[in-house]
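Shown next, in structure tokens, is the structure this report addresses.
Just follow the structure's listing: the first ligand is 1, and inside any ligand the first atom is 1. Any value given below was found using the heavy atoms of this structure, including those in side chains, with hydrogens, waters and symmetry copies removed.
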Amino acid sequence: MAEKASQSTEGGGGGENEKGNSISICGMQFAYAGQHPLFYDFNLEISPGSRCLLVGANGSGKTTLLKIMAGKHMVGGKDVVRVINGSAFHDTQLVCSGDLSYLGGSWSKTVGSAGEIPLQGDFSAEHMIFGVEGTDPVRREKLIDLLDIDLQWRMHKVSDGQRRRVQICMGLLHPFKVLLLDEVTVDLDVVARMDLLEFFKEECDQRGATIVYATHIFDGLETWATHLAYIQDGELKRVEKLTEVNELKNSANLLSVVESWLRYETKSEKKKPTNPPAQNQNSSPFGSSPFMSSRHMAYYR
Ligand SMILES: Nc1ncnc2c1ncn2[C@@H]1O[C@H](COP(=O)(O)OP(=O)(O)OP(=O)(O)O)[C@@H](O)[C@H]1O
């Protein structure tokens, strides 16, 4: 079912591997500890200059896939996940040089027992942005202007969207070759979002940069994206040029096309056999014990 994105995008010069792709994933398997594999024999190729939308239902594996491409999870050997001309996980130079940039989640740090907690420090936007060394001042000014950042903002006092603008600015300071975006525009107002999408488009068209963008917000993306990759439960269902998506020719917009795919998915799921009868004997999923019930309510309070 899955077709490889072997189509070459015009542009070039943005960094490609031996096969001429910016990203190559070949026979990848990945499972979170103690779980069934999320990805099994997963293959994907993305050519330079592409702006590839990654779509799928909640929990289908988009974030995990982006993190794997960003080198945050180790999978298999050095040849399984190749970004530009290196191994996403093993070649730390990809990230250190700024060639590979990942923007996702909100700014946080992982603390042993507490998991991910938001950054709490009192830093100014200026301190954060000018703290990134080796950046082109012209590009920096352009980004500060584009994202309408006030350099006096204190990071612990600004709004989510303002903090996000600073995070995005820092992630884009180096002229990346591959940019992985995980829902980063969700906190931005419409003007900032549209300006940023336009900036990304220029980066791909002028420098041959490659972008993979996972999102549930499709406004304005019909003319922005070049490719569409759709995953369901870790399986790549489709990957094709946006202009070749048949359903899009007869549909009002991308939103309704993706909506129909996801609705069909839900219906197919409902047709699957339910739990074996032995587990279904109680009408309540929490059993008949009053302790189970009260524990359940306390959990959701
Ligand atoms: N750290 C983790 N440990 C164990 N399982 C995880 C972890 N992170 C994600 N998962 C599981 O992996 C699957 C894919 O999650 P993932 O976050 O990649 O999905 P997603 O497509 O990005 O979802 P969404 O659209 O909600 O952001 C889910 O079933 C999720 O429960």
Side-chain angles (χ1 to χ4, degrees), residues 1-2 5 23 25 27-44 46 51-76 80-81 83 88-89 100-118 160-161 164 167-168 171 178-188 193 211-219 221 225 227-240 254-270 272 274-275 285 299-300:
M1 183 108 161
I23 300 172
I25 303 179
M28 178 181 80
Q29 301 194 28
F30 176 83
Y32 283 107
Q35 295 188 12
H36 289 295
L38 175 60
F39 297 109
Y40 181 77
D41 195 17
F42 187 94
N43 300 286
L44 176 66
I46 298 178
R51 293 181 294 278
C52 181
L53 281 186
L54 187 58
V55 303
N58 289 139
S60 56
K62 300 179 299 297
T63 296
T64 308
L65 181 60
L66 287 177
K67 283 186 171 173
I68 290 172
M69 293 193 279
K72 292 177 186 288
H73 293 300
M74 187 174 79
V75 283
V80 177
V81 182
V83 176
F89 179 81
L100 171 60
S101 184
Y102 166 82
L103 280 173
S106 41
W107 256 337
S108 59
K109 61 178 174 181
T110 308
V111 176
S113 56
E116 300 255 307
I117 61 166
D160 291 342
R164 182 73 86 177
Q167 181 189 13
I168 293 173
V178 171
L179 175 65
L180 307 169
L181 299 168
D182 194 355
E183 277 292 14
V184 284
T185 63
V186 77
D187 309 306
L188 298 183
R193 181 170 186 274
I211 297 180
V212 185
Y213 178 20
T215 185
H216 296 289
I217 306 170
F218 301 112
D219 283 1
L221 295 184
H227 292 72
L228 186 64
Y230 164 43
I231 53 175
Q232 177 185 352
D233 295 331
E235 188 186 339
L236 186 67
K237 287 289 184 181
R238 304 173 64 144
V239 51
E240 50 200 321
L254 187 58
L255 170 68
S256 38
V257 171
V258 177
E259 183 194 355
S260 70
W261 290 347
L262 298 198
R263 280 192 190 282
Y264 178 75
E265 233 181 67
T266 318
K267 282 190 181 149
S268 317
E269 282 302 309
K270 281 184 188 156
K272 281 187 184 169
T274 50
N275 290 336
Y299 183 77
Y300 287 104

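- In the candidate list N58, D182, V55, T63, T63 is nearest to atom 17 (O) of ligand 1, counting heavy atoms.
- Taking a distance limit of 4.0 Å, we find that atom 31 (O) of ligand 1 is approached by no protein heavy atom.
- Within the 4.0 Å heavy-atom cutoff, A57 counts among the residues contacting ligand 1.
- Remark: ligand 1 and G61 share an N or O pair separated by less than 3.5 Å (distance only, no angle test).
- Nearest to atom 5 (N) of ligand 1 among the protein's heavy atoms is Q35 NE2, 3.1 Å.
- Considering only non-hydrogen protein atoms, atom 9 (C) of ligand 1 sits nearest to Y32 CE1, 3.5 Å.
- Here's the thing with G59: one of its N/O atoms is less than 3.5 angstrom from an N/O atom of ligand 1.
- A pairwise comparison of heavy atoms in A229 and C52 identifies CB-SG, 3.9 Å as the closest pair.
- Here the closest non-hydrogen pair linking G161 and L188 is O-CD2, 4.1 Å.
- Here is the list of ligand 1 atoms found below 4.0 Å of a heavy atom in K62: 18 (O), 19 (O), 20 (P), 21 (O), 22 (O), 23 (O), 24 (P), 25 (O).
- Nearest protein neighbour of atom 15 (O) of ligand 1, counting heavy atoms only, is T64 OG1, 3.8 Å.
- S60 and Q232 make their closest contact through CB-CA, 4.3 Å (heavy atoms, listed as atom of the first residue, atom of the second, distance).
- At a heavy-atom cutoff of 4.0 Å, ligand 1 is contacted by no atom of E183, backbone or side chain.
- Taking every heavy atom of both residues into account, M28 and I68 meet most closely at SD-CG2, 3.7 Å.
- Using bins of under 30°, 30° to 60° and over 60° for the plane-to-plane angle, the ring pair H73/Y32 lands in the perpendicular bin.
- Taking F218 as the reference, nothing meets the ring pair (Phe, Tyr, Trp, His ring centres under 6.0 Å) condition, with sequence neighbours excluded.
- Heavy-atom minimum distance, K62 versus I231: N-CD1, 3.7 Å.
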